[in-house]
Number of protein chains: 2
Amino acid sequence: MFSNTVKYAIKASLYLAVNSSEDNKLVIKDIAAPINVPQAYIGKILQSLSRKNLISSTRGPKGGFYLKEQQYQTKIMDIVEAVDGEERINSCLLSLDKCNSENPCSLHHLVYTEKNAINLKLKQTTLEDLKNHIMQGKSVLPL
Amino acid sequence: MFSNTVKYAIKASLYLAVNSSEDNKLVIKDIAAPINVPQAYIGKILQSLSRKNLISSTRGPKGGFYLKEQQYQTKIMDIVEAVDGEERINSCLLSLDKCNSENPCSLHHLVYTEKNAINLKLKQTTLEDLKNHIMQGKSVLPL
DNA sequence: CATATTTAAGATAAAAATATCTTTTTTATA
DNA sequence: TATAAAAAAGATATTTTTATCTTAAATATG
């Protein structure tokens, strides 16, 4: 469903949501280690999220990655689309070019209700929501 | 969600369900063209499905691929697991090693109901079911 | 039984995804 | 203002997935 890269991106963003702040920025290696993702690779991914303003970064001493207030409102789907592109998540199960309710592929009816439900949640759920969920002990930060 | 390979496998199996029979076997190129999949590649995939008894084949003149009666009862999930393996379809959204209701990853609660619903349908739906659906004009054979 | 047809199997190639390495730029602070 | 710390950018490498090519084995039929 998600590429490895997007999984890393979500883990890292969530890790920032829980552990960083404007005056407690995190350097790459302190993000990579706890979420168990190769350092150089997550660096690239964070760079690209930062360029798209989904997270923030500053260079130099005391620099690092962090979230600004407004970025806690980033939706999970924003991250997915920024990394994997819109096509991937919206493509039909069999990758039919034009699969929709009028011209449904053979698996369309098996999944479309659930797929829409999941997509809606990904569009509504923010990093803050997930952070709160974690703080309440209802889920664990992924390793 | 599915690898390209499994998409091809499902398309080809469905094509066989709709168009072949024990005395109307289809040769590789007559399967590859209509479902729009590279001939040599779908050949390999069909070989492997045949080894696992999900479809049938015979060599030589008048040979080809086809389904036996019982093979119309193949579940879509059987094909998925035969090609992609059980792990891939059952892995959690973030690929946490041990993600379950007791130790849920941060996205677990967003998707588990829907994911279970989809998985159940994939386990219950047979090639015959999908063939009937197509014959009734309710969905189209994927290209 | 020879031949043509067809899948099976094995080897190789190409493309995409994942990962790393090196150099450059920015910036805080001593 | 020199230095060290840190991300940014660019280049390269590795691995996995997807795809092709070649040879071998099986089988129907003249």
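In the text below, chain A, chain B and the rest are named by the order of the sequence lines, each starting its count at 1. Note that these values count all heavy atoms, side chains included, but never hydrogens, waters or copies made by symmetry.
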Worksheet item: How far does CD of B/Gln70 sit from NZ of B/Lys68, to the nearest 0.5 angstrom?
Response: 6.5 Å
Worksheet entry | Value in whole Å for how far the P atom of D/dA26 lies from CD of B/Gln47 | 14 Å
Heavy atoms under 4.0 Å, any strand shown: does [X] hit a base, just sugar-phosphate, or nothing?
X       : value
A/Ile28 : sugar-phosphate
B/Ile45 : nothing
B/Gly64 : sugar-phosphate

Fill in: Main-chain N/O of B/Val140 paired to A/Ser106 side chain as donor or acceptor, under 3.5 Å
yes
Item to complete: Would you check if there is a donor-acceptor pair between the side chains of B/Thr5 and B/Tyr41 at a distance under 3.5 Å?
Response: yes
Discussion item. Does D/dA9 have its OP1 or OP2 closer than 4.0 Å to a side-chain nitrogen or oxygen of A/Arg51?
Written reply: yes
Discussion item. Does B/Asp97, at its CG atom, have more than 12 non-hydrogen atoms belonging to other residues, nucleotides or ligands within less than 6.0 Å?
Written reply: no
Worksheet item: Out of C/dT7, D/dA8, D/dA28, which nucleotide sits closest to the side chain of B/Lys62?
Response: D/dA28
Could you run down the sub-3.5 Å N/O contacts of the protein with nucleotides 18-20 of chain D?
from	atom 1	to	atom 2	distance (Å)
D/dT18	OP1	B/Asn4	N	3.3
D/dT18	OP2	B/Thr5	OG1	2.9
D/dA19	OP1	B/Tyr8	OH	3.4
D/dA19	OP2	B/Tyr8	OH	3.0

Please enumerate all protein N or O atoms sitting under 3.5 Å from an N or O of nucleotides 23-27 of chain C, with distances to 0.1 Å.
from	atom 1	to	atom 2	distance (Å)
C/dT25	O2	A/Arg59	NH1	2.8
C/dT26	O4'	A/Arg59	NH1	3.3

